[in-house]
Amino acid sequence: MQLTIDNKLIDVADGTTVYEAAKQVGIAIPRLCYLNLEALGIENKPAGCRICVVEIEGRRNLAPSCATLCTEGMTVRTNSPRVLNARKTVLELLLSDHPKDCLICPKSGRCELQNLAMCLGIREIHSIENAEVSTYRKDRSPSIIRDMDKCVLCRRCETVCNTVQTVGALSGINRGFMAVVAPAFEQDLRDSPCTFCGQCVAVCPTGALTEVDHTPRVIWALADPTKTVVVQTAPAVRAALGEAFGMAAGTLVTGKMVAALRQIGFDYVFDTDFAADLTIMEEGAELLSRVHRMIEGDRDVKLPILTSCCPAWVNFFEQNYPDMLDVPSTARSPQQMFGAIAKTFLADRLGIRRDDLVVVSIMPCLAKKYECQRDEFKVNGNPDVDYALSTRELAQLIKEANIDFNALPDEDFDAPMGESTGAGVIFGTTGGVIEAATRTAYELFTGKKLEKVDFQELRGMEGIRAASVDFNGTPIHIGIAHQLGNARKLLDGIRAGMYHFHAIEIMACPGGCVGGGGQPLHLGNADVIHARQQALYREDAQKPIRKSHENSYIQQLYIEFLGHPLSEKAHHLLHTRYFDKSIRN
Amino acid sequence: MMNTINYDEQTPATGIPDRERTGLKDCQVQTIKDICRSFRNEEGELINILHKTQESFGYLPPEVQECIARELRIPVAKVYGVVTFYTFFSMQPKGKYPISICLGTACYVRGSEKIVEALKNELGIDIGGITPDGKFSLDCLRCVGACGLAPVMLVGDRVHGRVDSLQIKDILALYT
């Protein structure tokens, strides 16, 4: 059909919104609540903010372009005086009930509301003197801070939490001036079903949802001469950190990141990928032992085995599937394996006390902040991992430390815990953990050398995937899900006995960790997530060693310290247990 | 080898444990289940289900909302969102004789505020409160459509019109 937008004639398909049509002819109608979360397969368009209103000839009222479909012969004005005036008034009203302390807001400079005020040229807010301002208590969880004073009720978080993740922690409550987005009965997040996946933070347009900032504590630890501070970097960080310094999504900045961390003052710069290789040794051994037991006719064996690297996923199944707590792998996540080895093996090697070693992790994730505070990952109150910073916090730390990131040379990780294989790198994308496990499990199971390490059938971006890998005559059925809503579908199917997999990988965030809640904000952009994913596969392809069990430092760690996978020591340091959290007190 | 599984069936979040929360008696849980079932456990019937449940329980405490959420397989936060949106729904228990005073325009200009004050004094409770013996609770509402009788006071389903604050004692005495 044909319509005219700002005197431009345009042809669009049936079902196109005015907003989308305008975009096609290069007219960017400002919007606030509307967001196409294409990476999550959903659009958030409650048409509540009224910023995107346009004038349509023949209609009495202005129409929200995000929720108005094009019709044949429609004449639209997106910038008439009436539209501009209405838009400004709407924004002024929004701002009249919004804090004005932008200078010290954690979202300053990246805030969509701030950008909008700039874009619409708001210079004063009329009658602000007398305006009443609503206020609500701040909620600090271990990972996420909710500051509802800054909420504009766009409902993006609610859409992500309920429809995409099916966590159901957030909903719009109360009405009028008292309206906020909150958990049931206005509980704090930590008492709600929240998994701390952080996807709400990843789509929030303002400073209403932000992460807990651990950078000041890291700066003090670095300045303490009695402390040795080591850092580990998760695989997905290197594929996204560059975006915070103006680089294109998917630019690999592994070498620069290492250089920056060294310049910031970390004593050792290590790689979580090392611990990812270790995870494969343990999780792979666990998978094979369960498969062998099944082949031998053991009816009690729990299959499929579920990956347990993702802390939001762990929270999710502890709450929603308490009857299946013995199904996931008992292997700790790479972050926690790293911490456990660092505070025992490494501290011993360095000849320092556990308490004098500070382990910092750089994670694409907000749930990792919660994970490292779990009691089972502490020894006498001292956590295996002291602080978990997000990719965004690292970017902030680099800027605070006066480092010209783009001009840094490439540097290498330190040995021994900085050495990793390509299998460790792909942990950061959906399908990566199970591909890494398959590379190792295949060779251990069949005793044959794996000629082709790329398992294309395990890769992709579909929310739920299934594939079979031939282990020399034994078909191994593998399931993969990313986003918790997809995980729920898969788990419900397994609970109902509909599917029979041997192994399943689950990641809470879109695309896996590359789309994590701690990354530079993806705002639902599928291209950004895809580019980061491809970057990890590139790094994997460049690695000389691409199978975890061939990592010579891992082999050495078993010889010198752990013995063998699933040994008593390995159990003690590298495995965990899960708790029924279906009732939160 | 690659095949994407097709999942048409929606598996919505409950956001709450499958296990029953303590606090409700089995017969109360059954009542809620029956009400939900009479509306085919449909999410779209949430408001009607809340109406019926409040009618039965007198109010909607958290454990009742959780039970409804579980039956409809929706997040309890959603149920709470609806309960807090509509002033009709209450999370506070009501008295045996719930009193509502109309503060709509007609009643207001004819002095319903004075009646509220008189009731507060007489009962010793605030708006939204309940007397210690559980007999009376006090609420306000906007227009019952009987403006000709302004100011209007409701006790349970019974409408008292052209109420004067001096009559309060006599009206309350009817409910002993």
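Below, chains carry the letters A, B, ... as their sequence lines are ordered, and counting in each starts from 1.
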Report summary line: So, the part of A:A179 with a heavy atom under 4.5 Å from chain B: the answer is neither
Query raised in the report: In terms of heavy-atom proximity below 4.5 Å to chain B, should A:L484 be classed as side chain, backbone, both, or neither?
Result: neither
Report task. Answer yes or no: are there more than 12 heavy-atom neighbours, outside B:K169 itself, under 6.0 Å from its atom NZ? Result -> no
Query raised in the report: Is the number of heavy atoms from other residues, nucleotides or ligands within 6.0 Å of NZ (B:K96) greater than 12?
Result: no
Query - Pairwise distance CZ(A:F185) to CD(B:E66) - rounded to 0.5 angstrom - result: 4.5 Å
Review item, side-chain donor-acceptor pairs of residues 75-87 of chain B, under 3.5 Å, at least two apart:
| from | atom 1 | to | atom 2 | distance (Å) |
| --- | --- | --- | --- | --- |
| B:K78 | NZ | A:E158 | OE2 | 2.7 |
| B:Y80 | OH | A:E186 | OE2 | 3.1 |
| B:T84 | OG1 | A:N174 | N | 2.8 |
| B:T84 | OG1 | B:Y80 | O | 2.9 |
| B:T84 | OG1 | B:G81 | O | 3.1 |

For residues 124-143 of chain B, which side-chain N or O atoms pair as donor and acceptor with protein atoms under 3.5 Å away, sequence neighbours left out?
| from | atom 1 | to | atom 2 | distance (Å) |
| --- | --- | --- | --- | --- |
| B:T131 | OG1 | B:D133 | OD1 | 2.6 |
| B:T131 | OG1 | B:K135 | N | 3.2 |
| B:T131 | OG1 | B:F136 | N | 3.0 |
| B:T131 | OG1 | B:F136 | O | 3.3 |
| B:D133 | OD1 | B:K135 | N | 3.0 |
| B:K135 | NZ | B:Y175 | O | 3.2 |
| B:S137 | OG | B:G95 | N | 2.9 |
| B:D139 | OD2 | B:K94 | NZ | 2.7 |

